[in-house]
Amino acid sequence: MLFLNDVLQVFSFNILKVHNKKLFMVLLFFDKNNINITNKLREIKLSINPWKTPSPSSRHEEVVTTRYRIGHSRPTHLHLITKEDRPTCELCDKELTIKHIILERPKFNSSRQIIGNPPTMQQALGEENSKNIYHFFTNIGLAKLM
């Protein structure tokens, strides 16, 4: 954390925290040594700017899109509440994740055309695909499971 340490030497942590929390969060976000490669959101969005939501969007569309972007959905996370084993895909016996549903699950190959058959999560769930994300999850029956 060379960059962050340099900044903290100039300003005390308390001053940054109290007077400019947003600046501190930006520094943490962009600190190259602090990047967690397994961070699901960072896999699809590299900036901290708000998503541009196409209008008109209903609250439900925004919730569905956001929850699937961050990887938190009932089908993939209900096991945490029910204290059951992690869900697996019944077709390929892999762990059921949003990434698996969007990019890999054979059952949804034809529905994947809605989001343009993306090769990466960034292309599938990126800002330019916002309206199509909701339509994809509606088409495969997962939008109502939020």
Side-chain angles (χ1 to χ4, degrees), residues 1-8 11 13 16-17 19-146:
M1 290 202 297
L2 182 62
F3 178 68
L4 184 59
N5 287 336
D6 292 342
V7 171
L8 291 178
F11 302 103
F13 176 77
L16 279 174
K17 187 176 176 185
H19 296 291
N20 208 340
K21 187 176 180 180
K22 188 171 184 176
L23 172 62
F24 182 70
M25 295 306 293
V26 168
L27 292 174
L28 277 178
F29 189 87
F30 286 109
D31 181 17
K32 300 294 184 217
N33 296 322
N34 197 27
I35 292 177
N36 180 0
I37 301 302
T38 61
N39 183 314
K40 295 173 196 166
L41 183 57
R42 199 177 300 251
E43 189 175 342
I44 61 167
K45 187 172 188 218
L46 299 175
S47 74
I48 59 172
N49 298 326
W51 294 98
K52 292 179 184 150
T53 307
S55 58
S57 287
S58 70
R59 171 84 172 128
H60 185 256
E61 286 181 36
E62 290 181 30
V63 168
V64 167
T65 302
T66 301
R67 298 274 305 273
Y68 282 113
R69 277 178 169 155
I70 63 173
H72 294 174
S73 68
R74 195 171 289 150
T76 60
H77 281 68
L78 187 61
H79 71 280
L80 297 172
I81 296 169
T82 60
K83 298 183 180 178
E84 296 175 357
D85 292 335
R86 289 178 179 254
T88 57
C89 177
E90 64 272 358
L91 297 174
C92 45
D93 206 35
K94 290 185 178 179
E95 181 181 348
L96 188 63
T97 63
I98 298 303
K99 186 174 186 174
H100 178 70
I101 291 169
I102 291 175
L103 299 180
E104 303 163 356
R105 194 166 187 196
K107 181 178 180 180
F108 303 134
N109 282 345
S110 61
S111 297
R112 225 170 261 122
Q113 293 174 3
I114 295 170
I115 52 175
N117 288 319
T120 66
M121 290 294 282
Q122 187 172 11
Q123 289 173 344
L125 299 176
E127 196 167 31
E128 65 283 342
N129 222 359
S130 292
K131 201 67 169 173
N132 297 334
I133 296 166
Y134 179 76
H135 293 303
F136 171 74
F137 286 107
T138 301
N139 186 274
I140 64 173
L142 293 181
K144 62 184 174 209
L145 293 179
M146 274 287 123

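In terms of the salt bridge (Lys or Arg N to Asp or Glu O under 4.0 Å) criterion, Glu84 has no residue partners (sequence neighbours excluded). Every residue was checked against the salt bridge (Lys or Arg N to Asp or Glu O under 4.0 Å) condition with Arg67, not counting sequence neighbours, and none meets it. Checked against salt bridge (Lys or Arg N to Asp or Glu O under 4.0 Å), Lys131 has the following partners two or more places apart in sequence or in another chain: Glu61. With sequence neighbours excluded, no residue forms a side chain to side chain donor-acceptor pair (under 3.5 Å) with Arg74. With sequence neighbours left out, Glu104 forms a salt bridge (Lys or Arg N to Asp or Glu O under 4.0 Å) with no residue at all. When the ring-ring contact (aromatic ring centres under 6.0 Å, His included) test is applied to His72, the partners found at least two apart in sequence or on another chain are His77. By the ring-ring contact (aromatic ring centres under 6.0 Å, His included) test, Tyr68 pairs with Phe137, sequence neighbours left out.
For Asn132 against Ile115, the heavy-atom pair with the smallest separation is O-CG2, 3.6 Å. Closest of all the heavy-atom pairs between Ser73 and Ile98 is OG-CD1, 3.5 Å. Of all heavy-atom pairs spanning Leu96 and Pro75, the tightest one is CD2-O, 3.9 Å.
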Please set out all donor-acceptor pairs under 3.5 angstrom arising from side-chain atoms of residues 85-94, sequence neighbours excluded.
| from | atom 1 | to | atom 2 | distance (Å) |
| --- | --- | --- | --- | --- |
| Arg86 | NH1 | Glu95 | OE2 | 2.6 |
| Glu90 | OE1 | Arg105 | NH2 | 3.2 |
| Glu90 | OE2 | Arg105 | NH2 | 2.4 |

N/O donor to acceptor pairs below 3.5 angstrom from side-chain atoms of residues 138-146, sequence neighbours left out:
| from | atom 1 | to | atom 2 | distance (Å) |
| --- | --- | --- | --- | --- |
| Thr138 | OG1 | Tyr134 | O | 2.8 |
| Asn139 | OD1 | Ser111 | OG | 2.7 |

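The CE atom of Met121 sits 6.0 Å away from the CD1 atom of Ile44 when rounded to the nearest 0.5 Å.
The list of side chain to side chain donor-acceptor pair (under 3.5 Å) pairs with a residue in residues 114-127, not counting sequence neighbours, is empty.
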Fill in: Derivation and outcome, side chain to side chain contact (heavy atoms under 4.5 Å, CB included), residues Arg69 and Ile133
CA-CA 9 Å; Arg69 277 178 169 155; Ile133 296 166; 3.7 Å; yes
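Proximity of Ile102 to Phe136: side-chain heavy atoms (C-beta onward) are separated by under 4.5 Å at one or more points.
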